[in-house]
Enquirer: 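Below is the structure I would like to discuss, written out as structure tokens.
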Amino acid sequence: MTSFDLQARQPFNFNSVINSHGWIQLAPFRADVSGRMLFYTDRLTNGRLVEYRVTETRGGVHVEVPGRLGKAEKAEVIQKITWMLGLDMDFTSFYKAARGEPKLRHARRLAHGRVLRSPSFFEDVVKTILTTNTLWASTIRMNQNLIEAFGASADDGKGQAFPTPEELASTSAAVLRKKVRVGYRAPSIHELARRVAKGKLDLESYKTSTLPTLELRNELLKIRGIGPYAAANLLMILGRPDFIPIDTYAMKMVSHEWHGGRPVTAKQVERAFRKWGEHKGLAFWFWDWKYDGG
DNA sequence: GGTAGACCTGGACGC
DNA sequence: GCGTCCAGGTCTACC
């Protein structure tokens with residue numbers, strides 16, 4: 001067993017990160033019954049399969065990885081967990097902007113701002129495509145099917161990793177459609193995997209891109225299957241909360257918040273949060289909605 | 001720039 | 001068990 005602590009930039013709240021959106025329900029993520037421990041099965045760059053077990057500790061997180069990690073492996077795990085939990089992210093300007101807004105009063109106290117992310121951006125792009133034009137239960141199922149069909153399994157039979165671009169590129173869109181049941185999304189996922197596997201698209205570089213957010217958004221929109229909603233979701237994951245992922249949930253929330261439950265358009269959602277500028281996505285995401293969605 | 005219709009899947013419902 | 005309807009974003013063609 002290898003274990004170590006990682007410090008987070010303050011304020012930090014482990015619970016707020018892992019419950020920031022539905023990603024915790026998408027394998028290889030899982031949480032224990034108490035919700036206090038986060039598990040994730042990952043494949044390191046040297047091909048070794050490992051399971052991360054992460055809990056909150058004073059000032060950050062405690063990480064356990066069964067088995068002994070080499071120096072390079074440990075460095076990779078540290079880098080990945082830092083990314084996944086956004087340990088070094090700073091939301092000072094958002095908290096400053098949110099000060100005085102009753103609907104965001106809780107933001108700093110609960111350390112809202114970080115969203116749970118997969119270790120690779122490729123995985124998050126695929127998962128985001130799986131959220132489009134479907135119900136959440138189907139997203140969970142398609143993601144699970146994808147992992148069961150193509151993800152590498154640990155020797156002890158516990159846990160499977162998310163498939164690599166190479167693994168998905170080596171199959172066909174027809175198999176993805178039939179076996180994984182991703183429907184018309186199959187060509188989008190297959191084409192993406194092929195481009196990444198062939199080195200024609202470097203998705204991981206988007207994590208550290210210096211492109212202005214608008215240009216980065218345009219790059220994301222060039223990916224087949226990524227439209228305005230998906231691009232905004234991915235920008236949130238990249239720490240660029242300038243856009244709102246406007247889906248039917250967003251329109252329902254805004255409808256009940258300001259329009260008496262009457263149907264609203266995407267433009268009205270946009271207008272409702274316009275004043276939050278580069279923090280629009282965060283203000284929307286962590287807004288204290290009066291409608292509970294029921 | 002805006003809009004209509006097609007794209008898939010699985011669950012709910014009526015028969 | 002079968003058929004129909006519905007929910008959910010993106011893409012393309014068209015105006």
Side-chain angles (χ1 to χ4, degrees), chain A residues 20-27 115 117-118 121-150 163 168 171-196 201 203 206 213-238 240-257 259 261-274 280-281 284-285 289 291-294:
Chain A
S20 52
H21 58 154
W23 254 217
I24 184 69
Q25 296 173 46
L26 298 180
V115 296
R117 336 188 243 204
S118 305
F121 191 52
F122 168 74
E123 182 177 328
D124 277 340
V125 175
V126 173
K127 283 176 171 173
T128 298
I129 290 174
L130 296 183
T131 68
T132 59
N133 197 28
T134 193
L135 304 177
W136 181 242
S138 293
T139 299
I140 294 174
R141 185 172 41 248
M142 288 187 275
N143 180 66
Q144 188 63 41
N145 290 347
L146 201 58
I147 290 170
E148 285 175 8
F150 300 105
L168 292 183
T171 185
S172 67
V175 170
L176 287 174
R177 184 189 287 248
K178 270 194 156 185
K179 196 172 177 183
V180 185
R181 312 292 294 168
V182 296
Y184 69 91
R185 301 166 194 82
S188 305
I189 294 169
H190 190 241
E191 182 186 310
L192 178 73
R194 281 185 56 196
R195 287 174 63 204
V196 173
L201 177 63
L203 282 180
Y206 288 21
T213 302
L214 203 54
E215 287 179 39
L216 194 54
R217 178 176 184 265
N218 287 337
E219 290 302 309
L220 291 169
L221 289 172
K222 287 179 189 167
I223 300 171
R224 189 172 171 185
I226 301 296
Y229 152 80
N233 190 62
L234 290 169
L235 285 172
M236 283 290 293
I237 284 170
L238 289 171
R240 312 268 199 129
D242 306 46
F243 293 87
I244 300 169
I246 302 176
D247 56 3
T248 51
Y249 169 83
M251 296 206 268
K252 192 184 286 183
M253 291 299 119
V254 169
S255 157
H256 283 87
E257 191 78 7
H259 300 273
R262 291 182 298 280
V264 299
T265 63
K267 280 193 169 177
Q268 286 174 292
V269 176
E270 196 65 41
R271 208 174 299 142
F273 286 90
R274 190 162 46 199
K280 271 203 294 281
F284 163 79
W285 206 297
W289 302 103
Y291 183 62
D292 63 5

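Naming convention: chains lettered A, B, ... in sequence-line order (proteins, then strands); numbering from 1 in each chain. Heavy atoms only: backbone and side chains are in, while hydrogens, waters and symmetry mates are out.
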Enquirer: Fit a plane to each ring of His256(A) and Tyr291(A), take the angle between them on a 0 to 90° scale, and name the class: parallel (under 30°), tilted (30 to 60°) or perpendicular (over 60°).
Expert: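 His256(A) and Tyr291(A): parallel rings.
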Enquirer: Do you know which two heavy atoms are closest between Ala173(A) and Ala186(A), and how far apart they sit?
Expert: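 It is O-CB, 3.3 Å.
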Enquirer: Between Ala137(A) and Asn133(A), which is nearer to the 5' end of DNA chain B once each is assigned its nearest nucleotide?
Expert: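 Looking at the nearest nucleotide for each, Asn133(A) comes out on the 5' side.
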Enquirer: Ring-plane angle category for Phe284(A) and Trp289(A), please: parallel below 30°, perpendicular beyond 60°, tilted otherwise.
Expert: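 Rings of Phe284(A) and Trp289(A): perpendicular, as their planes differ by over 60°.
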Enquirer: Taking Arg185(A) for its side chain and Thr132(A) for its backbone only, find out whether a donor-acceptor pair lies under 3.5 Å.
Expert: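 Answer holds: yes.
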Enquirer: Identify whether any heavy atom of Thr134(A) sits under 4.0 Å from a base atom; if not, whether one sits that close to sugar-phosphate; answer base, sugar-phosphate or nothing.
Expert: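 Base: the residue Thr134(A), judged by heavy atoms under 4.0 Å, touches a nucleobase.
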Enquirer: Taking atom C1' of dG10(B) as reference, at what distance in whole Å does atom CG of Leu130(A) sit?
Expert: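 Going from Leu130(A) (CG) to dG10(B) (C1'), I get 15 Å.
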Enquirer: Would you check if His259(A) and Val254(A) make a side-chain contact, meaning some heavy-atom pair closer than 4.5 Å?
Expert: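 Yes; the side chains approach each other to less than 4.5 Å.
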Enquirer: Between Arg117(A) and Ile237(A), is there a donor-acceptor pair closer than 3.5 Å when you use the side chain of the first and the backbone of the second?
Expert: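 Yes, the answer is positive, given that a donor and an acceptor are paired below the 3.5 Å cut-off.
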Enquirer: Is a side-chain donor-acceptor pair under 3.5 Å present for Tyr229(A) with Thr131(A)?
Expert: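 Judged by distance alone, the side chains do pair up.
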Enquirer: Round to the nearest Å and state the distance from Arg224(A) atom CZ to dC8(B) atom P.
Expert: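 Result: 10 Å.
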Enquirer: Using side chain to side chain contact (heavy atoms under 4.5 Å, CB included) as the criterion, point out the one residue from Asp124(A), Asn143(A), Leu130(A) that pairs with Leu26(A).
Expert: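 For Leu26(A), the side chain to side chain contact (heavy atoms under 4.5 Å, CB included) check succeeds only for Asn143(A).
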Enquirer: Of all nucleotides in DNA chain C that come within under 4.0 Å of a heavy atom of chain A, which is furthest toward the 5' end and which toward the 3' end?
Expert: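 Contact boundaries, 5' end first: dG8(C) to dC11(C).
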Enquirer: Under 4.0 Å between any heavy atoms, over every strand shown, what does Ile223(A) touch: base, sugar-phosphate, or nothing? Just pick one.
Expert: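 Result for Ile223(A) = sugar-phosphate.
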Enquirer: Got a sec? Which of residues 171-189 of chain A come in under 4.0 Å of DNA chain C, heavy atoms?
Expert: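 Heavy-atom cutoff 4.0 Å gives Tyr184(A).
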Enquirer: Keeping the roles fixed (side chain from Trp285(A), backbone from His21(A)), state whether a donor-acceptor pair exists under 3.5 Å.
Expert: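 Checked: no pair found.
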Enquirer: Any sub-3.5 Å donor-acceptor pair from Gln268(A)'s side-chain atoms to Thr265(A)'s backbone N or O?
Expert: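 Side chain of Gln268(A) to backbone of Thr265(A): a pair is present.
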Enquirer: Can you check the Ile129(A) CD1 to dC8(B) P distance for me, whole Å?
Expert: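 Going from Ile129(A) (CD1) to dC8(B) (P), I get 15 Å.
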Enquirer: Counting N and O atoms only, with roles assigned by atom type, does the side chain of Arg181(A) sit under 3.5 Å from a partner on the main chain of Ser138(A), one being a donor and the other an acceptor?
Expert: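 No, because the side chain of Arg181(A) does not come within donor-acceptor range (under 3.5 Å) of the backbone of Ser138(A).
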Enquirer: Identify each atom pair where a protein N or O and an N or O of nucleotides 2-4 of chain B are less than 3.5 Å apart, giving names and distance.
Expert:
unit_1	atom_1	unit_2	atom_2	d
dG2(B)	OP1	Lys267(A)	NZ	2.6

